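Model, not experiment: these values are computed from the prediction. Residue numbers count from 1 along this sequence. Both counts, for ligands and for their atoms, begin at 1 and track the order of listing.
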Amino acid sequence: MDVPDEPISWRCQAAALAPGQTATFRLERNGKVVEGFVVNHAGRHHAWVNRCPHAGTPLDLWPNEFCTEDGRHLVCATHGAIFAPDTGVCLEGPCPGARLERLPIERDGEALVISCPT
Ligand code: FES
């Protein structure tokens, strides 16, 4: 069996992500690669698995493009589902009430450390 060459946690400096900005990363969970992203929403960071609960595609058709034009929400590029950046709940689109999968964020000084529970 191939073992993914991905880390079990990902870190970045919190200050590197200004409000409205996002960053993507890849982690390993149970021998599989999990793609994720982190968003700074109004000064608070939230990390999500990059998988739409509607049809399972990544949200970003264009790499690292997760936000609506007004910057208030997350959007899935496949069918246009709109998500709250802080709760991950789908507010509009084909899967209302469904949620993105949250990834835990810990602080290590000025760094964000994101992991992927098994
Ligand atoms: S796959 Fe995201 S809205 Fe359909």
Legend entry - Residues, nucleotides or ligands: over 12 heavy atoms within 6.0 Å of R102 CZ: yes
Inset, instruction - Could you confirm whether C52 has any N/O/S atom lying under 2.8 Å from atom 2 (Fe) of ligand 1? - result: yes
Inset, instruction - Check whether any heavy atom of G93 sits under 4.0 Å from an atom of ligand 1. - result: no
Legend entry - Distance-only donor-acceptor check, side chains T22 and N64, under 3.5 Å: yes
Legend entry - Over 12 non-hydrogen atoms of neighbours within 6.0 angstrom of CZ in R51: no
Legend entry - ligand 1 atoms in contact with A81 (distance to a heavy atom under 4.0 Å): 3 (S)
Inset, instruction - Please state which part of P94 comes within less than 4.0 Å of ligand 1, counting heavy atoms only: side chain, backbone, both or neither. - result: side chain
Inset, instruction - Using a 4.5 Å cut-off on heavy atoms from C-beta on, say whether the side chain of V49 contacts that of L100. - result: no
Inset, instruction - Of the side chain and backbone of A55, name the one, both, or neither that has a heavy atom under 4.0 Å from an atom of ligand 1. - result: both
Legend entry - Close-contact set for ligand 1 against T57 heavy atoms, below 4.0 Å: 1 (S)
Inset, instruction - Would you please test E35 and R29 for salt bridge (charged side-chain N to carboxylate O under 4.0 Å, His left out) and show each step? - result: CA-CA 10 Å; E35 302 205 9; R29 170 165 64 187; over 6 Å; no
Inset, instruction - With atom 4 (Fe) of ligand 1 at the centre, find the angle made by ND1 from H54 and ND1 from H79, to 10°. - result: 90°
Legend entry - Carboxylate-amine/guanidinium contact R11 D108, below 4.0 Å: yes
